[in-house]
Protein chains: 2
Amino acid sequence: MRLIEIACKERLKSILHNEGLRYTSQRQEIWNELLESKEHRDAEEIYYSLMNRGIQVSRATVYRTIDMLVKNNMIEKLDIGDGKARFEYNDKYKHHDHLICTACGKIVEFYSKNIDKYQREIAKKNKFELLHHSHHLFGICEDCQ
Amino acid sequence: MRLIEIACKERLKSILHNEGLRYTSQRQEIWNELLESKEHRDAEEIYYSLMNRGIQVSRATVYRTIDMLVKNNMIEKLDIGDGKARFEYNDKYKHHDHLICTACGKIVEFYSKNIDKYQREIAKKNKFELLHHSHHLFGICEDCQ
DNA sequence: ATTTTAATGAGACTAATTAACAACAATATT
DNA sequence: AATATTGTTGTTAATTAGTCTCATTAAAAT
Ligand SMILES: [Zn+2]
Ligand SMILES: [Zn+2]
Ligand SMILES: [Zn+2]
Ligand SMILES: [Zn+2]
C-alpha cells in the first residue's frame, strides 16, 4: 500500500470518527474504489466494479456511502444532465470544471482562475454567500468533429 | 392579446410549418404557458397549471412539446441538479446563467461577458466546438443568511 | 368530403434513487 | 459478562421524472 493510500484510509477513518460513524469494510471498499480510479464514476458502475472483484456490497450501501462522502467533502458530485450523478475524488488543490463532448461523452477537465474570480464577483454583487458551483461546457471534441 | 403574444404565436406557427409539424391547440397552450410566466418551470408544473385552468393536455404531450420547443430554440433547458429539468423562454438577446440559493431555492439570473469570453477560449484551447454551456453558482441568498 | 398522415391520451414501463424495516454488529452501561 | 442502545446493512418496496406503445383523434392535403 502506497503512502497516499494510507493517508486516504486515515482520512476516512478520522472523518467517520468525527461524525460518530463506524469504520466498516463496505465503506472502506467504496472509498477505495473512488480513490483508485479518479475518473468520473456513477453509482451503478461502482456497484458493479465491486461485484466483479467479488466484493459484495448492496446498492443501497453504495448510495448511502457516496452520500456520506459527498457530505464530508471527500468526493465531489458531477451532474452532466444525463440523468445519473457522477462522483470523483475531491482534491482540494485541484478543483476543476468540465468540457463534455455531446457526441462521444468524453469528459475533459479545465480550470480558469479568471472565471473563478468573476464568479466570486457575481456572487458578491448579488449578495450570495457562494458555496459551490457547477460549470459545464458542452460541445464536440476534436475526434468527433 | 398583446402584440408580443401575437408575434410569439406566429413564431410558433412558422416554426411548426418549417418543420412540417401541425399547429395544434395543445402546442399553443403549452407554448402560451411558457410565455406567460417566463420563470423557470418544470414539466409537471406546466402540466398541472394547464389542468387547473381546465385545459386538458396529457403529460406525454407536455413532455413532447417541451422537447420540440427546446430543439427549435424556443425555450432553454435548465438543469440545476435536483433531478428535474426546468424550462424558460429563450430570448436570444438575453442569455443568462443562474445563481441558486440552496436554502430557499430562489433562482437569480446573471450574465458575464468576461466569463463568456473565457469559456470560448477554453473550448478553443481544448479543440472543442462549443455548442452550449451550463453554469450555476450555488450559495445562500441575502434573505437566508 | 375524403383521404392521408401526424398528434394525442392513457397507461404501462424504465432508470436512478430513496425509504422502510428487520436482522445483525459494534459500543456503552450496568 | 450480560444487557441495552445505537449504527449499519441487505432486501424489498416506493418514488420520481421521464419515455414508450398503440389505439384513437384531428390537421392538412386533395
Ligand atoms: Zn467526442
Ligand atoms: Zn473531473
Ligand atoms: Zn434563499
Ligand atoms: Zn433563467
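Chain letters run A, B, ... following the sequence lines, proteins first, then strands; residues in each count from 1. Because only heavy atoms are used, hydrogens play no part in the values below, and waters and symmetry mates are left out as well, while side chains stay in.
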**Asked** How close or far is atom P of dT17(C) from atom CG of Asp67(A), stated in whole angstroms?
**Response** 11 Å

**Request:** Measure from CG on Asp79(A) to P on dT17(C) and round the result to the nearest Å.
**Result:** 9 Å

**Prompt:** In terms of the nearest nucleotide of DNA chain C, which residue is placed more toward the 5' end: Arg22(B) or Tyr63(A)?
**Reply:** Arg22(B)

**Message:** Expressed as a whole number of angstroms, how long is the span from Leu16(B):CG to dA7(C):P?
**Reply:** 9 Å

**Message:** Using a 4.0 Å heavy-atom cut-off, does Glu44(B) contact any base of the nucleic acid, only the sugar-phosphate backbone, or nothing at all?
**Reply:** nothing

**Request:** Can you tell me the distance, in whole Å, between the CZ atom of Phe87(A) and the C1' atom of dA16(C)?
**Result:** 11 Å

**Message:** Using whole Å, what does the distance between atom C1' of nucleotide dA17(D) and atom CG of Leu78(B) come to?
**Reply:** 16 Å

**Residue Arg64(A), side-chain atoms from C-beta onward, closest of dT17(C), dC21(C), dT8(C)** = dC21(C)

**For atom OH of Tyr23(B) and atom P of dA29(D), their distance in whole Å** = 15 Å

**Item:** Val57(A) or Lys84(B), whichever maps to the more 5' nucleotide of DNA chain D
**Value:** Val57(A)

**Item:** Salt-bridge criterion met for Asp143(A) and Lys106(A) (N-O under 4.0 Å)
**Value:** yes

**Asked** Considering only dT17(C), dA7(C), dT8(D), which nucleotide approaches the side chain of Ala43(A) most closely?
**Response** dT17(C)

**Prompt:** In terms of the angle between their ring planes, are His136(B) and His98(B) parallel, tilted or perpendicular, with boundaries placed at 30° and 60°?
**Reply:** tilted

**Request:** Can you figure out which of dT9(D), dA7(C), dG9(C) approaches the side chain of Thr24(B) most closely?
**Result:** dA7(C)

**Message:** Which residue in the set Arg27(B), Gln56(B), Glu29(B), Gln26(B) passes side chain to side chain contact (heavy atoms under 4.5 Å, CB included) when paired with Thr61(B)?
**Reply:** Gln26(B)

**Request:** Kindly point out which of dA28(D), dG9(C), dT9(D) is positioned nearest to the side chain of Gln26(B)?
**Result:** dG9(C)

**Message:** Tell me whether Asp42(A) contacts the main-chain N or O of Lys84(A) through its side chain, where contact means a donor paired with an acceptor under 3.5 Å.
**Reply:** no

**Request:** Ignoring backbone atoms, test whether Ser58(A) places a side-chain nitrogen or oxygen under 4.0 Å from the OP1 or OP2 oxygen of dT11(D).
**Result:** no

**Request:** Can you tell me the distance, in whole Å, between the CE atom of Met68(B) and the P atom of dA6(C)?
**Result:** 15 Å

**Asked** Between Arg86(B) and Glu39(B), is the closest basic N to carboxylate O distance under 4.0 Å?
**Response** no

**Asked** Nearest to the side chain of Ala60(B), which nucleotide is it out of dT8(C), dA10(C), dT17(C)?
**Response** dA10(C)

**Request:** Report which part of the nucleic acid Gln56(A) touches: base, sugar-phosphate, or nothing (heavy-atom distance under 4.0 Å, all strands).
**Result:** sugar-phosphate

**Asked** Hey, does the side chain of Arg59(B) come within less than 4.0 Å of dG11(C)'s phosphate (OP1/OP2), counting only N and O?
**Response** no

**Fill in**
Atom CG of Asp82(A) and atom P of dG18(D) are separated, to the nearest Å, by 13 Å

